[in-house]
Protein chains: 2
Amino acid sequence: MNTALEPHPRKGSERREAILVTATEVFLSEGYGRASMDQVHAKIGGSKRTLYNHFPNKEALFEAIVTAVSSRALAALEPPLGEDNLRKALFKMGENYLGVLLSPDGLALYRAMISEALHFPDLARTFFERGPGRASHYLADFFREQKAKGVVDVADPQIAAQHFLGAVRGDVHLAAALGVRKPSKQLVKMTVSQAVDTFIRGTAPASSEVET
Amino acid sequence: MNTALEPHPRKGSERREAILVTATEVFLSEGYGRASMDQVHAKIGGSKRTLYNHFPNKEALFEAIVTAVSSRALAALEPPLGEDNLRKALFKMGENYLGVLLSPDGLALYRAMISEALHFPDLARTFFERGPGRASHYLADFFREQKAKGVVDVADPQIAAQHFLGAVRGDVHLAAALGVRKPSKQLVKMTVSQAVDTFIRGTAPASSEVET
DNA sequence: TGTAAATGGTACGGTACCGTACCATTTACA
DNA sequence: TGTAAATGGTACGGTACCGTACCATTTACA
């Protein structure tokens, strides 16, 4: 109604952005519980009131962080499926998917969401739907197309997509999330490559031989 | 050296057990950060000193909890591979594996370990090795046998095992860990079943046709 | 039965943390 | 240039939490 009620932005957007960047570092490295508003404030400098002006409380700050990092990290899940060759498409999709999950932001986000899912159910749902869920759906659509063309023979494209992506994750992602071992690029390539092989052979139409 | 230095057990072992059970409920439902020693003490009753007599601090209590729950929950990962029929063996293995991961203890343990892995690296490593890692190794051994018999044709049995188990997890486990959806037994069966189908077709020796 | 260890019950020291309160100062816009 | 909003800097109220301190009481074992 009244435009005069709008707050003066000052360089408000920049300030907010700076706070968010710093807070993200703290929250993603420490986790929600161990991260403290005081710690964030100390790294930002200035007044604590400024921090609370932009984010009313710790929960709201965490939600803003997760939302921002999600859209940044998960954007890369856009399916690189322009490729029509099944093997190449799957390989690119798998490599890209695993790359996102194994990136520093991807791992930190995964840890944060698993940790806080029960206390931030809406956030958890959004994360799933925009992350792993979306990737599965994209791939399922791709499988449906390929199935229509008779290139693959899968009973349920949706489940098949989850299986392929699950196989790509393998134990590599789990081990990385637990900090047990950091996978090399070479291991990633090998993992994806073998997953593609098995999947293609496992879903090849009975009649035709797919070129290797 | 001196046996007189041994503490009198009183009904010490029972007391310790009771404390551990109660503490487990608190820690696994609240998570390490939100669980408090005061809260545990309140549920136990008695003196706070008794609690600290059995577990010197919060970290030690958490470690004891994780160790206990791990051996209880992960024991079920013992491979049910007495079965020699490939399809049946894989199905049983997959269903059992997913069942452990989706059990209340399995999910709570998974959340706790992902949450605290960076602060309890030794615990995280042990969990991985006795849990998912062990399951993969068992299955890899099985694949090696089957490969020797010419029943399956896999490039790398270890990676193949990770792929199969990863496919079995699919998005089901992730969604459950995030609290997004609780999978039905029927969905579990379907998921495992289709994973077995794809895997068997994908690893069948080129020459022989495996009976369906 | 006597004794050392463990327990019950309670209090509390020290610290960390969230969010608010002030007030002087600076900024953005009319 | 005047004014309202935002900021800097600091203090602090209220609470939660970890671990310790006491001391009377109970238990287990010699």
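Reckoned from all heavy atoms, side chains included, excluding hydrogens, waters and symmetry mates. Every chain is numbered from 1, with letters handed out A, B, ... down the list of sequences.
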inquiry  = Starting the side chain at C-beta, find the nucleotide from D:dC18, D:dT7, C:dG8 nearest to A:Thr50.
reply    = D:dT7
task = Return the set of residues passing salt bridge (charged side-chain N to carboxylate O under 4.0 Å, His left out) with B:Asp156 (not counting sequence neighbours), or none when no residue passes.
result = none
query = Phosphate oxygens OP1/OP2 of C:dA16: is one of them under 4.0 Å from a side-chain N or O of A:Ser36?
reply = no
ask   = Rounded to whole angstrom units, what separation is found between the NE2 atom of B:His54 and the P atom of C:dA5?
value = 15 Å
inquiry  = Expressed as a whole number of angstroms, how long is the span from B:Phe55:CZ to D:dG19:P?
reply    = 14 Å
inquiry  = For B:Tyr32, does the six-membered ring have the charged nitrogen or CZ of B:Lys58 within the cation-pi criterion, i.e. under 6.0 angstrom from the centroid and within 45° of the normal?
reply    = yes
Flag if over 12 foreign heavy atoms under 6.0 Å of CZ, A:Arg34 = yes
inquiry  = Return whichever of A:Gly33 or A:Arg49 has its heavy-atom-nearest nucleotide of DNA chain C closer to the 5' end.
reply    = A:Gly33
remark   = Taken to the nearest whole Å, OH/A:Tyr52 to P/D:dG8 is 16 Å
ask   = Are the charged groups of B:Arg144 and B:Asp141 less than 4.0 angstrom apart, N to O?
value = yes
inquiry  = Checking contacts here: which listed nucleotide (C:dG19, C:dT7, D:dA6) is nearest the side-chain heavy atoms of A:Asn53?
reply    = D:dA6
query = Counting only side-chain N and O atoms of B:Arg15, is one of them less than 4.0 Å from OP1 or OP2 of D:dT26?
reply = no
inquiry  = Both A:Glu59 and B:Gly45 contact DNA chain C. Taking the nearest nucleotide for each, which residue is further toward the 5' end?
reply    = B:Gly45
query = Can you check whether B:Phe199 and B:Phe143 have ring centres sitting under 6.0 Å from each other?
reply = yes
task = Establish, with yes or no, whether the OP1 or OP2 oxygen of D:dC18 is under 4.0 angstrom from a side-chain nitrogen or oxygen of B:His41.
result = no
key: Polar pair under 3.5 Å, donor/acceptor by atom type, side chain B:Lys48, base D:dG19   = yes
ask   = Taking all non-hydrogen atoms of both residues, which atom of B:Ala161 and which atom of B:Ser136 are closest, and how far apart?
value = CB-O, 3.4 Å
remark   = If each end axis of the helix from C:dT1-D:dA30 to C:dA30-D:dT1 is fitted on five C1' pair positions, the angle between them, to 10 degrees, is 30°
salt_bridge(B:Glu116, A:Arg111) N-O dist < 4.0 Å = no
request  = Check whether the side chain of B:Ser47 and the base of C:dG9 form a donor-acceptor pair under 3.5 Å.
outcome  = yes
